[in-house]
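For reference, positions follow the sequence shown, starting with 1. Values below: every heavy atom of this structure, side chains too, minus hydrogens, waters and symmetry copies.
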Amino acid sequence: MKKHMSMGRLSLVGALLAVLLCSVTATAADGTQAQAMCPLNGWQENLVNYLKPTAAFPTQDTRTQPTPDCLFHEWSWEAFVWATALNKQGVPRFMELPTLSDLHTGKGKVGPHPLVLATRMHTLLGEPGFKEGTGAIVEADGNMLVAPNGYPVYASVHMNPSYFATAQKNLVATGGYANPKNEGDYFKVGAAVFKATWLRVDKDHPAPAGAYTTQAQVPILVQRGTGLLGSVTVEPGGKTTMATVALVGLHVVGVTENHPEFLWATFEHKGNSPRTPDNTFSTSLAPSPTNYTFYQAGTPYANVNCVNLPGQQACPAPLTVLSFDEKTQRFSPANNVVLENRTGGENDKDGPTNIDNLNKSGQSFFSGVGGAQGTFAHYDLIGTVWLAPNFYVEKNKPEILKTSLRTVAIGSVNLANATAETFVQYPTNTDMKKVQNCFMCHRASSPGGDLPKRLVAISHALEYGSQYAVQNQVVIPVGLPPNQ
């Protein structure tokens, strides 16, 4: 009797699974499998749970589901909802998390604290004048995105307690990274980090429509004397001023079950820039007739995403030389930006459609919530990139160290954010040896060539305060007039 009951239950479970799978996939008239449903039934209704103050960061297994590509992008939206959940004071959850400056103070508590942007200078940890801040005035490649009002676009980094604990224990600056006792340390499932990009606004250049805005301490920049070949260095001088800033981009990054390499996703405000379909960008394309936050209508695509420094000129003409007015705190010229792959070069045939559908669904959810929380309906998921399940693990370390991880990436394999990776975009993923994505820099050998290669090096937070950190300064030639 018990045997018959068990078999009956198994049959019922099998029937229920079959119904579920039929709700996710469909069969075309010719017998071939049609495109899987994305998002899955009931997905949007579950998003409200990630707004709860006690909600856990999403970590669900994204390996064995019937529509893997869709589920990764679903995770990205869930992580975005979790990160942007507003507290009673209207502050997004990610802004209450520990920042880079907390790594060196030993304080990593979650709670209210001011947003302090770009107080990090070139001075190294332990030297007079060292001050570590939450962000930077330059991007990871050391170049600066200049907004139309002449202010730099700032960045900030925020870590949840799990991520913070591992990063703090393994800092390069304090020797933790090279400590043999920490050799086996790695980030746990649920560890998460968020990198935000911020546009400083003023009365003549208001925030983009619908963007989340807040008050932040921004640096008062100074010029340091003449350097090599008649150049000056512009960097934070240690003093700050209060300003209104608008959120224009957000990376959401986290460890999920079976994916210790982290899932890497990025969101942008809808009005940042034109976006060209994946693998179609060309400097010969007709310019967009529409104004965007970081793009002036009619600007030829031959003159977008250009580095404003001699020797790194990305555009044929005119040569633009960055200049800085210390009195007004503004740079010139401003950059014109285009996102070269609108869904990050998604390499699944249904990937772009999945992302589009999830954006509509996620934005509909925020609009339905309304109020201040509804602000985040004005942001799009650009894409998500990841590796094969359980590839980035210790037993595969020899293969990991000899593999260019960006070439074995899955999903949005050319992923970039127009406000955070402006100058390192690559227009096509037809040659995987040339793609640009998060794994180009985030890998087991990131912090310096003379340190032991370890999987935990995938985090750039380990580098802050060391000689391997991105220096928060720009070098400007003197004696050359701008735009010549």
Checklist entry - For the side chain of His73 and the backbone of Ile355, is there at least one donor-acceptor N/O pair under 3.5 Å apart? => result no
Next on the checklist: Centre-to-centre under 6.0 Å for Trp198 and Tyr154, is that the case here?
Outcome noted: no
Checklist entry - What residue among Leu86, Val81, Leu250 forms side chain to side chain contact (heavy atoms under 4.5 Å, CB included) with Phe376? => result Leu86
Next on the checklist: Could you report the tightest heavy-atom contact between Ala444 and Leu401, atom names first, then the distance?
Outcome noted: CB-CD2, 3.7 Å
Checklist entry - Which residues satisfy the ring-ring contact (aromatic ring centres under 6.0 Å, His included) test with Tyr163, sequence neighbours excluded? => result Phe187, Phe262
Checklist entry - Ignoring hydrogens and geometry, is there a side-chain-to-backbone donor-acceptor pair from His460 to Cys441 under 3.5 Å? => result yes
Checklist entry - Distance-only, no hydrogens or angles: does the Arg406 side chain make a donor-acceptor pair with backbone N or O of Phe439 under 3.5 Å? => result no
Next on the checklist: Can you confirm whether the side chains of Thr384 and Ser76 place a donor and an acceptor under 3.5 Å from each other?
Outcome noted: yes
Next on the checklist: With no hydrogens and no angle check, just 3.5 Å: does a side-chain donor-acceptor pair link Glu340 and Asn305?
Outcome noted: yes
Checklist outcome for this item: Output for pair (Glu326 CD, Leu221 CG), nearest 0.5 Å, gives 8.5 Å
Next on the checklist: Once rounded to the nearest 0.5 Å, what's the spacing between atom CZ of Phe94 and atom OG of Ser156?
Outcome noted: 6.0 Å
Item to check | Side-chain heavy-atom pair Gln296, Asn291 within 4.5 angstrom cut-off | outcome: yes
Checklist entry - Taking side chain as C-beta onward, heavy atoms only, is Ile476 less than 4.5 Å from Val234? => result yes
Checklist entry - Is the centre of the His158 ring less than 6.0 Å from the centre of the Phe194 ring? => result no
Item to check | Spacing of Arg330 atom CZ and Asp325 atom CG [to the nearest 0.5 Å] | outcome: 9.5 Å
Next on the checklist: Between Gln217 and Thr241, is there a side-chain donor-acceptor contact under 3.5 Å, judged purely by atom types and distance?
Outcome noted: no
Checklist entry - With sequence neighbours left out, which residue pairs that include part of residues 262-282 fulfil the salt bridge (charged side-chain N to carboxylate O under 4.0 Å, His left out) condition? => result Arg275-Asp380
Checklist entry - So, does Tyr379 use its side chain to make a donor-acceptor pair with the main chain of Leu247 at under 3.5 Å? => result yes
Checklist entry - Can you list the residues that meet the ring-ring contact (aromatic ring centres under 6.0 Å, His included) rule with Phe324, with sequence neighbours excluded? => result Phe331
Checklist entry - Distance from Asn336 atom CG to Thr422 atom OG1, nearest 0.5 Å? => result 11.5 Å
Next on the checklist: Asn87 vs Glu96, test: side-chain hydrogen bond (donor to acceptor under 3.5 Å, both in side chains). Steps then yes/no.
Outcome noted: CA-CA 9 Å; Asn87 64 14; Glu96 292 195 302; 3.0 Å; yes
Next on the checklist: Show, in sequence, the C-alpha distance, side-chain angles and deciding distance for Glu78 and Gln60, and conclude whether the side-chain hydrogen bond (donor to acceptor under 3.5 Å, both in side chains) test is met.
Outcome noted: CA-CA 10 Å; Glu78 291 161 8; Gln60 71 272 19; 2.7 Å; yes
Next on the checklist: For a quick check under 3.5 Å, do Thr244 and Gln215 share a side-chain donor-acceptor pair by atom type?
Outcome noted: yes
Checklist entry - Mind checking what makes ring-ring contact (aromatic ring centres under 6.0 Å, His included) contact with Phe80, not counting sequence neighbours? => result Trp77, Phe267
Item to check | Heavy-atom pair of closest approach, residues Trp82 and Ala55 | outcome: NE1-O, 3.0 Å
Checklist entry - How about Phe366 and His378: are their ring centroids closer than 6.0 Å? => result no
Next on the checklist: Under the side-chain hydrogen bond (donor to acceptor under 3.5 Å, both in side chains) definition, can you give me all pairs with a residue in residues 445-458, not counting sequence neighbours?
Outcome noted: Asn170-Arg454, Arg443-Ser445, Asp450-Tyr468
Checklist entry - For residues Asn354 and Asp69, is any side-chain donor paired with an opposing acceptor at under 3.5 Å? => result yes
Checklist outcome for this item: So CG of Leu100 and CD of Glu463: to nearest 0.5 Å the spacing works out to 11.0 Å
Checklist entry - Which atom names give the shortest non-hydrogen contact between Lys188 and Ser162, and what distance separates them? => result CB-OG, 4.0 Å
Checklist entry - Under 4.5 Å between any side-chain heavy atoms of Asn341 and Thr276, yes or no? => result no
Item to check | Cation-aromatic face contact Arg200/Tyr151, 6.0 Å, 45 degrees | outcome: yes
Item to check | Check: Leu115 and Leu117 side chains under 4.5 Å, non-hydrogen atoms | outcome: yes
Checklist outcome for this item: Sorted by chain and number, sequence neighbours left out, ring-ring contact (aromatic ring centres under 6.0 Å, His included) with Phe281 holds for Tyr301
Checklist entry - Is there a donor-acceptor contact under 3.5 Å from the side chain of Asn335 to the main chain of Cys306? => result yes
Checklist entry - Would Asn179 and Lys169 count as a side chain to side chain contact (heavy atoms under 4.5 Å, CB included) if you check the C-alpha gap in whole Å, the side-chain angles of each, and the deciding distance to 0.1 Å? => result CA-CA 10 Å; Asn179 189 334; Lys169 188 178 178 182; over 6 Å; no
Next on the checklist: Distance check, rounded to the nearest 0.5 Å: Leu97 atom CG versus Met95 atom CE?
Outcome noted: 10.5 Å
Checklist entry - Considering the options Asn437, Asn279, Asn414, which one meets the side-chain hydrogen bond (donor to acceptor under 3.5 Å, both in side chains) requirement together with Asn429? => result Asn279
